[in-house]
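Some notes on the structure that comes next.
Quick caveat, the model's predicted, so the values are computed rather than measured.
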Amino acid sequence: MPNARSAARFCERLRRVEEAVMIGRSPNRVDGPLKVGGRAPYAYEQWDAGQPLYGYIVGATIGKGRVTRIDTSRAERAPGVHMVMTHLDAPPQGARDESIPFEYWRALPTLSSPDIHHYGEPVALLVATTFEQARAAAHLVDVEYAAEPGHYDFSAHQDQEYAPEQLIAGLRPDTAIGDFEAGFDAAAIKVDQRYTTPYELSQAMEPPACLAVPEGDDLTVYVATQIVDAARASIAATLQADGERIHIVTPYVGGGFGSKLRVHAEAMLAAFAARALSQPVKVAQTRQQTFHLTGLRPTSSQRVRLGADQDGRLVALGHEVTMHTNRHIEYAEPTATTTRSLYAAPHRLTRTRLVPLDLPRGEDVRAPGEAPGLLAVESAMDELADAVGMDPVELRIRNEPERDPERGVPFSDRHLVDCLREGARRFDWERRPAKPASLREGRWLVGYGVSAAIRGHFQGPAAARVRLNVDGTAVVQSDMTDIGTGTYTILSQVAADELGLPLERVRVELGRSEFPASVGSGGSWGAANSSTAVHRAVEALREKLLIAATSDASSPLHGLDPAGAQFSGGNVHIGHRSEALSEIVARIQPDGVEAEGSTVWMMEDPNYASYSIHTCGAHFAEVRVDVDTAEIRLRRMLGVFSVGRVLNAKTARSQLIGGMIWGVGAALEEQGVVDTRSGAFVTRDLAHYLVPVHADVPEIDAVVLDGFDDKANVLGAKGLGELGICGAGAAVANAVFNATGARVRDFPITLDKLLPILPPTDI
């Protein structure tokens, strides 16, 4: 029997091990108290530079043409005005360099010419002592235009479509396997439908905002951005300045969803004015301006053709997409590519075409490609299930591929069938009415819907530095951003876990261009990239500490094999010996020991060539539809997901639920409406551009299956920030069909579209 002392040592070691295991747990956000207390400074709230001046953007009131005369004299005489900048006196600027692979790093000329490319494009900047003075003076700028006919109506100009050379991230616009037309023609059961999705916009709580502070030849830019390195490069290229002279600071970002992957006009104009006036200048977009000055998800028309045998097995799958693009700056969302790895079928076709319009350019909006693409494809799968007379869950399981159906490589880790089955069990799917419009509760028709979710997992370069101080605390540094997703917390967890420190002994510093560079938060790659970089930095740091300790005769670890070392409780343990980390640091480098780690582009990682690496999931929704008014109410919703290893269960669930709510909005509410006479968005605030609110989402849950994808990265973790929206809208749309027997293919499903086709019901 062990004695009391040995038992106590065993319990203490067990306690240390339990404390060390932080990855996968659910600690509260380490930045939570700052945010709840209003002490987390966002871009517009930085006061260290002193009292700033305020800028206000004047936007064009035509959609295409040029400024022929601009009179700023009345505005210049207005109270508090320090400057009125137009294309006549804006500084020289660098041109967009299309050889740079990603748009976010390119220059963004602003006020560089009298030409107008879309409604709302900046024609002047007012700078005044107060925001109110700048806004008032903006109305005194007198602008005359030579308007030109513009193309603003997507449906009227689809005959001008063209094939892009490539989609974003270099993806191919078209693919073909087998003989799709022959396979589809020979299929026993066919679905051939067209689905349309509207313009959608990221509407983060924090609008795009910037404070530019000149310091001699240097410029410090506090800006709301998702990628620090891109912001720095874009501003430097536009100003034709040395990038080392541009300092980006963005410790907190109030949401992005793609709208802050690049900086926009507010950042450039603040930089121009700050340099011209040698004073700090703040510029923020108003909520109305975000509809014209940030990018948008293009509207789309999608033809989906599914051919199946009598048993529901797909023999032909076709997905053809036509989308809008800005006439001058091409953006090709990969909407059809979402289909390429989803279902098995020997004959396949995907195709993308663009229609040039004189509207704001497209940019990445949460889950670019997958969100609108799955809305169409998963609706079509529901139509196929109805045509075959098969349960929609069983139809999807029956068409599960063994390998990636287009690339022919194995999946790294795929559990879509498990997600479907577990979701069906938890949702009580067997209660779903097999016949549409057959379940009624009083005035409400009740329906169930399901859809599959899939999204590619991407990897980009990220670097992090970890320093261990003599007091036993650790500091993690990276220019990685936290856009509200919990980056501060998960990086604290990774460093604490692998250094064997309590969470409160780790401090994470983010969002400064002087820190090691990353590709920031976007594409659902932020958490996995930055966590892997921190992991590798800690590995290198641990190696330094172990070499120093085991080779130092004054260390109790001298001469021991470091292979068996464990880090816990602020100490290094090898066998029965241990030494405090602080003591090792004090001996070898009293000002702190540090190391860096990094990741590379996925094109440089052989796993991404050898395997098809995705996240996946399944959505289930129950809706009620009023038989008289066609009012749709979501009753409950469930998502079951496979994302590899979860870094923080609480923030993961939060991200997935947020994405699912986006899907509800895509299905039922969100649409940007363009005035086809002027090119202006008439839905230009949150009173008209509707998004889900608390009353719209009564009961929603997200479940994550246990997993570890060793092909994705050493931590086994994959991105999930966008997976929640993928397919979510289709589950809601399919539930509406199951409730009513009426199919709306023009999203969002609004009363005016559903009411006329509701089948008659007995009172």
Side-chain angles (χ1 to χ4, degrees), residues 26 197 200 202-204 255-259 297 338 342 364-375 377-378 415-416 418-420 422-423 426-427 449-458 483-487 490 521-528 614-622 634 636-670 691-694 696-705 707 717-735:
S26 303
T197 62
E200 293 180 351
S202 303
Q203 290 296 318
F257 318 115
S259 66
R297 192 194 304 282
T338 186
L342 186 50
D364 294 344
V365 175
R366 195 174 192 177
E370 292 91 352
L374 286 170
L375 198 55
V377 170
E378 285 300 290
H415 298 283
L416 177 55
D418 296 332
C419 292
L420 287 162
E422 179 65 12
R426 288 173 177 260
F427 203 70
V450 65
S451 67
I454 189 171
R455 190 171 197 279
H457 171 71
F458 305 106
I483 60 175
T485 51
T487 308
I490 60 171
S521 299
S524 296
W525 60 24
H614 292 82
T615 54
C616 60
H619 297 278
F620 296 81
E622 180 183 348
L634 179 70
R636 62 192 178 105
M637 195 170 185
L638 170 69
V640 180
F641 303 98
S642 173
V643 297
R645 186 185 192 186
V646 172
L647 300 172
N648 183 301
K650 184 180 294 184
T651 58
R653 181 176 181 274
S654 177
Q655 284 295 293
L656 290 167
I657 286 176
M660 292 166 68
I661 294 171
W662 268 68
V664 175
L668 303 179
E669 295 178 298
E670 288 192 53
V691 297
V693 298
H694 285 294
D696 297 325
V697 189
E699 182 182 344
I700 189 167
D701 195 12
V703 175
V704 181
L705 303 181
K718 294 185 283 192
L720 55 78
E722 291 162 289
L723 179 63
I725 189 178
C726 298
V732 176
N734 295 339

Legend entry - Side-chain ion pair, R636 and E699, N-O less than 4.0 Å: no
Inset, instruction - State the OG1-CG distance between T338 and L374, to the nearest 0.5 angstrom. - result: 3.5 Å
Legend entry - Nearest heavy atoms of L656 and F641, plus distance in Å: CD1-CD1, 3.6 Å
Legend entry - Closest contact, heavy atoms only, L705 versus C419: CD1-SG, 3.8 Å
Legend entry - Worked check of side chain to side chain contact (heavy atoms under 4.5 Å, CB included) between E669 and D696: CA-CA 10 Å; E669 295 178 298; D696 297 325; 3.3 Å; yes
Inset, instruction - Kindly give the heavy-atom pair with the smallest separation between T197 and P372, and that separation in Å. - result: OG1-CB, 4.0 Å
Legend entry - Value rounded to 0.5 Å, distance of CZ in R426 from CZ in F620: 11.0 Å
Legend entry - Smallest separation among heavy atoms of S202 and S259, with atom names: CB-CB, 3.6 Å
Inset, instruction - Please say which of V643, L342, I454, L723 ends up in a side-chain contact (heavy atoms from CB on, under 4.5 Å) with H614. - result: I454
Inset, instruction - Taking H619 for its side chain and S451 for its backbone only, find out whether a donor-acceptor pair lies under 3.5 Å. - result: no
Legend entry - For the student: nearest non-hydrogen atoms of I700 and R653, plus distance: O-NH2, 3.9 Å
Inset, instruction - Might you point out which heavy atoms bring I725 and A371 nearest each other, and give the distance in Å? - result: CD1-CB, 4.0 Å
Legend entry - Whether W662 and F257 hold their rings parallel, tilted or perpendicular, with breakpoints at 30° and 60°: tilted
Legend entry - Reported CD-to-SG distance for the pair E378 and C726, which is rounded to 0.5 angstrom: 11.0 Å
Inset, instruction - Could you tell me whether a side-chain N or O of N734 sits under 3.5 Å from a main-chain N or O of V450, the two making a donor and an acceptor? - result: yes
Legend entry - Gap between atom OG of S642 and atom CG of D418 - 0.5 Å precision: 7.5 Å
Inset, instruction - Taking the side chain as every heavy atom from C-beta outward, state whether E670 and V691 have any atom pair closer than 4.5 Å. - result: yes
Legend entry - Gap between atom NE2 of H415 and atom OG1 of T615 - 0.5 Å precision: 12.0 Å
Legend entry - Reported CG-to-CZ distance for the pair D701 and F427, which is rounded to 0.5 angstrom: 10.5 Å
Legend entry - Salt-bridge contact R366-E722 (side-chain N to carboxylate O under 4.0 Å): no
